[in-house]
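Numbers restart at 1 for each chain; the letters A, B, ... are given by sequence-line order, proteins then strands. Excluded from the calculations below are hydrogen atoms, water molecules and symmetry mates; all remaining heavy atoms, backbone and side chain alike, are included.
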Amino acid sequence: MLDPKFIRENLDFVKEQIGKKKYPADLDKFIDLDAEKRKILSEADQLKNRRNVVSKEIGAIKKAKGNADELIAEMQTVSKSIQEFDVRLKEIELAINEIMLNVPNIPHESVPFGENPNDNVTIETWGEIPKFDFPVLEHTDLIEKHKLIDLKRGAKIAGSGFPVFMGDGARIQRALISLFLDRNVNLYGFTEISPPLLVNEDSARGTGQLPDKEAQMYEATIDKLFLIPTSEVPLVNLYRDEILDEADLPIYNTGYTPCFRREAGSYGKDVKGINRVHQFDKVELVKICKPEDSYAEFDKIVENVADTLKALNLPHRQLLLCTGDMGMTQTKTIDFEVWSPAQEKWLEVSSVSNCESYQARRANIRFRRTSTGKVEFVHTLNGSGLALPRTLIGILENNQQADGSILIPEALQKFFGKDKIQ
RNA sequence: GGAGGUGUAGCCUAAUUGGUAAGGCAGCAGUCUUGAAAACUGCCGGGUUUACGCCCUUGUAGGUUCGAGUCCUAUCACCUCCGCCA
């Protein structure tokens, strides 16, 4: 959510900026409603003040055994007016809220304008794209050959897109999770969090999954809970409706969770194997910090993620997303993509974003600045570090050998327990 | 799932038959001091306002009332006991 005051005072600028993203919003209507709201609020406040003052008088008169019938009669009509104002106010606030929840965040000045993914900018490419002197197998073949993942049985017990990891497949998943968490905690200073996998409606709204991405989430309707599409949701909502101490910032949280996504619109080649699935594992990075620090913290997350990909020796590139390809809540996003030699394309394994105060405003996460004593919204950032399935594809495909075996990256070996799959 | 109890600001604790949230601790600033402690003064939930001020806040949402921490309804969290359960 954007600052209503900022919109009011910079209407043209905001219109221009959000026009660069693909989310329509009726800001003119907001301006009208906002003006009406403030008018009514001030009138209602005056009446409430009158009621408070007179009610006190009535109390004093009653105590002195006097007659307050006239004042009480007046207050009856005043109270009725207040009630009418409050009803109208609630209607307006509901309407404003609906608009505001659909106004996207304003892109950072460093973000390139663009219509679609073609306009994203590659800012760094790392590693050598491997050359093979034998026919390259796709990950779908490799997982079958080594019995790492059983897609058919997964489809049987749950549905298409619910892979069953088994044997070395299950083990390498566990190894990757351990590697990621250990690095995030020991090298980058994050605190490990193991959160609930289901969240309530307020949490889903707090991080911006509702109302924008409702169709992407599985819902436990009887209990009004949502299966998390990313641990960003619980990791940020931990602090919902809180005022944090300045001394506690920045907060660095990392968490491993399964993630659940309905992904209704996907089809075709993209979903082959484990390229895109309904349930997958991910280790997430979340930061809560002061506004003036968020872009430095953003750069640090990007560096951390790149560092981990290098540790796995995975050829990858960084993309600065253009305005048209960004999500609603972000001001700036850098995607990390790993090279798939069999599919001959780049696969997204991480997305690092700064939400500035957008999520904080929605989720009402603030901090008290010691120097001024004032309460301000925090900035929130998140990044994957990393998502497992495509990272696994990268490892399997890039490290395959002529004899069909797969070498395990050195950094992963101590977690995996051996140096190859064969 | 059943029964009972408890929710007041960071923490602890008051508030008469309904009369508009008292106080303490911690914390922050200042005075005093060589420095510190102690003592004293002010601040010490949120919003809004240049400011004075005003509005909101007793878990949450409603209701009754001129007026609700207090009465009524619903709901949530925690504690105790019972049941079920990895």
Side-chain angles (χ1 to χ4, degrees), chain A residues 1-10 30-31 33-94 96-98 100 194-206 210 220-226 234 237-249 251 257-258 288 290-291 357 359-378:
Chain A
M1 200 175 296
L2 294 177
D3 182 359
K5 195 173 170 184
F6 184 81
I7 297 180
R8 208 184 297 144
E9 291 168 1
N10 303 277
F30 161 78
I31 293 291
L33 286 169
D34 183 59
E36 191 184 351
K37 174 188 162 181
R38 287 184 298 142
K39 182 163 169 274
I40 290 179
L41 200 59
S42 118
E43 286 176 27
D45 272 5
Q46 282 177 34
L47 284 180
K48 284 176 182 177
N49 176 237
R50 173 81 183 143
R51 182 178 68 182
N52 287 342
V53 171
V54 174
S55 289
K56 231 176 226 178
E57 280 176 30
I58 292 172
I61 291 170
K62 289 256 187 183
K63 208 165 205 173
K65 310 256 188 221
N67 187 315
D69 290 352
E70 209 167 298
L71 286 176
I72 290 175
E74 186 202 337
M75 284 309 101
Q76 280 172 345
T77 62
V78 167
S79 273
K80 201 171 175 191
S81 304
I82 290 174
Q83 203 163 19
E84 282 162 11
F85 276 125
D86 280 346
V87 167
R88 178 67 189 137
L89 208 54
K90 205 169 264 183
E91 286 170 7
I92 294 173
E93 276 172 353
L94 220 65
I96 288 178
N97 209 29
E98 186 156 335
M100 290 297 281
S194 184
L197 306 181
L198 286 89
V199 295
N200 58 30
E201 214 173 312
D202 285 342
S203 296
R205 194 174 295 108
L210 291 178
T221 48
I222 294 175
D223 300 292
K224 290 191 178 129
L225 294 171
F226 295 89
N237 277 286
L238 281 177
Y239 311 101
R240 179 155 49 78
D241 294 323
E242 289 191 26
I243 298 175
L244 303 164
D245 286 341
E246 185 178 3
D248 291 337
L249 302 177
I251 291 170
T257 67
I288 313 280
K290 291 192 272 181
S357 61
Q359 277 182 338
R361 211 174 282 279
R362 277 174 100 119
N364 195 27
I365 306 173
R366 297 171 290 176
F367 77 102
R368 191 183 311 279
R369 195 183 286 279
T370 316
S371 58
T372 60
K374 290 267 166 59
V375 173
E376 299 176 37
F377 287 103
V378 298

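- For residues 238-249 of chain A, proximity to RNA chain B is found at A:Ile243, defined as any non-hydrogen atom under 4.0 angstrom from a strand atom.
- Rounded to a whole angstrom, the distance from the C1' atom of B:A26 to that of B:G18 is 34 Å.
- In this structure, A:Thr370 and A:Lys5 both approach RNA chain B, and ranking their closest nucleotides by distance from the 5' end singles out A:Thr370.
- Although no hydrogens or angles enter the test, the distance criterion places a donor-acceptor pair under 3.5 Å between the side chain of A:Asp3 and the main chain of A:Lys5.
- Here the closest non-hydrogen pair linking A:Asn237 and A:Gly206 is OD1-CA, 4.0 Å.
- Separation of the C1' atoms belonging to B:U34 and B:G46 is 43 Å when rounded to the nearest angstrom.
- Here A:Val375 lies in heavy-atom contact (under 4.0 Å) with sugar-phosphate atoms only.
- Proximity of a side-chain donor or acceptor of A:Glu246 to a complementary backbone N or O of A:Arg369 within less than 3.5 Å is not detected.
- If you check residues 65-73 of chain A against RNA chain B, the residues with a heavy atom closer than 4.0 Å are A:Ile72, listed by number.
- Taking all atoms of both residues into account, the shortest heavy-atom contact from A:Leu47 to A:Val78 is O-CG1, 3.9 Å.
- A:Arg240 is not listed as a side-chain neighbour of A:Arg362, based on a closest heavy-atom distance of 4.5 Å or more.
- Counting to the nearest Å, the P atom of B:U49 and the NZ atom of A:Lys374 are 11 Å from each other.
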Look for any protein N or O under 3.5 Å of an N or O in nucleotides 9-11 of chain B and output each such pair with its distance, or none.
none

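- Contact of the A:Leu41 side chain with the A:Leu89 side chain is registered, since non-hydrogen atoms from C-beta on lie closer than 4.5 Å.
- Under the 4.5 Å side-chain criterion, counting only non-hydrogen atoms from C-beta, A:Arg205 is not in contact with A:Val199.
- For the pair A:Asp245 (side chain) and A:Ala247 (backbone), a donor-acceptor distance under 3.5 Å is absent.
- To the nearest whole angstrom, the two C1' atoms, one in B:U58 and one in B:U50, are 33 Å apart.
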Task: Derivation and outcome, salt bridge (Lys or Arg N to Asp or Glu O under 4.0 Å), residues A:Arg88 and A:Glu84 - done: CA-CA 6 Å; A:Arg88 178 67 189 137; A:Glu84 282 162 11; over 6 Å; no

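- Taking atom C1' in both B:A9 and B:G47, one finds a spacing of 15 Å when rounded to whole Å.
- Across A:Pro4 and A:Arg361, no two heavy atoms sit closer than the pair CD-NH1, 4.5 Å.
- The NZ atom of A:Lys224 sits 11 Å away from the C1' atom of B:U75 (whole-angstrom rounding).
- Here the options are A:Leu244, A:Val375, A:Asp241, the test is side-chain contact (heavy atoms from CB on, under 4.5 Å), and the partner is A:Arg366; only A:Val375 passes.
- Of all heavy-atom pairs spanning A:Pro196 and A:Pro234, the tightest one is O-CG, 3.9 Å.
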What are the atom names and distances for every N/O pair under 3.5 Å that joins the protein to nucleotides 17-21 of chain B?
from: B:G19; atom 1: N2; to: A:Ser55; atom 2: O; distance (Å): 2.8
from: B:U20; atom 1: O4; to: A:Ser55; atom 2: O; distance (Å): 3.4
from: B:U20; atom 1: O4; to: A:Ser55; atom 2: OG; distance (Å): 3.3

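- With rounding to whole Å, A:Asp202 atom CG is found 19 Å from B:G59 atom P.
- Remark: the separation of the C1' atoms in B:U8 and B:U57 is 10 Å, to the nearest Å.
- One interatomic measurement links the two molecules: CD1 of A:Ile365 to P of B:G46, which rounds to 17 Å at whole-angstrom precision.
- At a threshold of 4.5 Å between non-hydrogen side-chain atoms, the residues A:Ile365 and A:Glu242 do not count as touching.
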TODO: Given salt bridge (Lys or Arg N to Asp or Glu O under 4.0 Å), test A:Asp86 with A:Lys90 step by step and report yes or no.
DONE: CA-CA 6 Å; A:Asp86 280 346; A:Lys90 205 169 264 183; over 6 Å; no

Could you list all N or O pairs between the protein and nucleotides 61-64 of chain B that sit under 3.5 Å apart?
from: B:G62; atom 1: OP1; to: A:Lys90; atom 2: NZ; distance (Å): 2.4

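- Of the side-chain N and O atoms in A:Arg50, none sit less than 4.0 angstrom from OP1 or OP2 of B:C55.
- The CZ-C1' distance, from A:Arg369 to B:A29, rounds to 19 Å in whole Å.
- A donor-acceptor contact under 3.5 angstrom links the side chains of A:Ser203 and A:Asn200, judged on distance only.
- A:Thr77 places a side-chain N or O within 3.5 Å of a backbone atom of A:Glu74 that can act as its donor or acceptor partner.
- A:Lys48 has its NZ atom 17 Å from the P atom of B:G47, to the nearest Å.
- Comparing the same atom, P, in B:C25 and in B:U41 gives a spacing of 12 Å after rounding to whole Å.
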- [ ] State the dot-bracket string of RNA chain B. Criteria: Watson-Crick or G-U wobble, both atom distances under 3.5 angstrom; notation: ( ) intrastrand, [ ] crossing earlier pairs, | interstrand, . unpaired.
- [x] (((((((..(((......[...))).(((((.......))))).((((....))))..(((((..]....))))))))))))....

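- Side-chain N/O atoms of A:Ser79 include one lying less than 4.0 angstrom from OP1 or OP2 on B:G67.
- One atom, CD1 of A:Ile82, and another, C1' of B:G67, lie 11 Å apart when rounded to the nearest Å.
- Between B:C11 and B:U60, the distance separating the two C1' atoms is 22 Å to the nearest Å.
- Nearest heavy atoms, A:Val378 versus A:Ala360: O-CB, 3.2 Å.
- Spacing between atom CG of A:Asn200 and atom C1' of B:C76 amounts to 11 Å, rounded to whole angstrom units.
- The shortest heavy-atom contact between A:Asp34 and A:Arg8 is OD2-NE, 2.7 Å.
- Between B:A22 and B:C54, the two C1' atoms lie 23 Å apart (nearest whole Å).
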Open item on the list: Apply salt bridge (Lys or Arg N to Asp or Glu O under 4.0 Å) to residues A:Lys224 and A:Glu201 and explain how you reach the verdict.
Closed with: CA-CA 7 Å; A:Lys224 290 191 178 129; A:Glu201 214 173 312; over 6 Å; no

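- A:Ile243 places none of its side-chain heavy atoms less than 4.5 Å from the side chain of A:Phe367.
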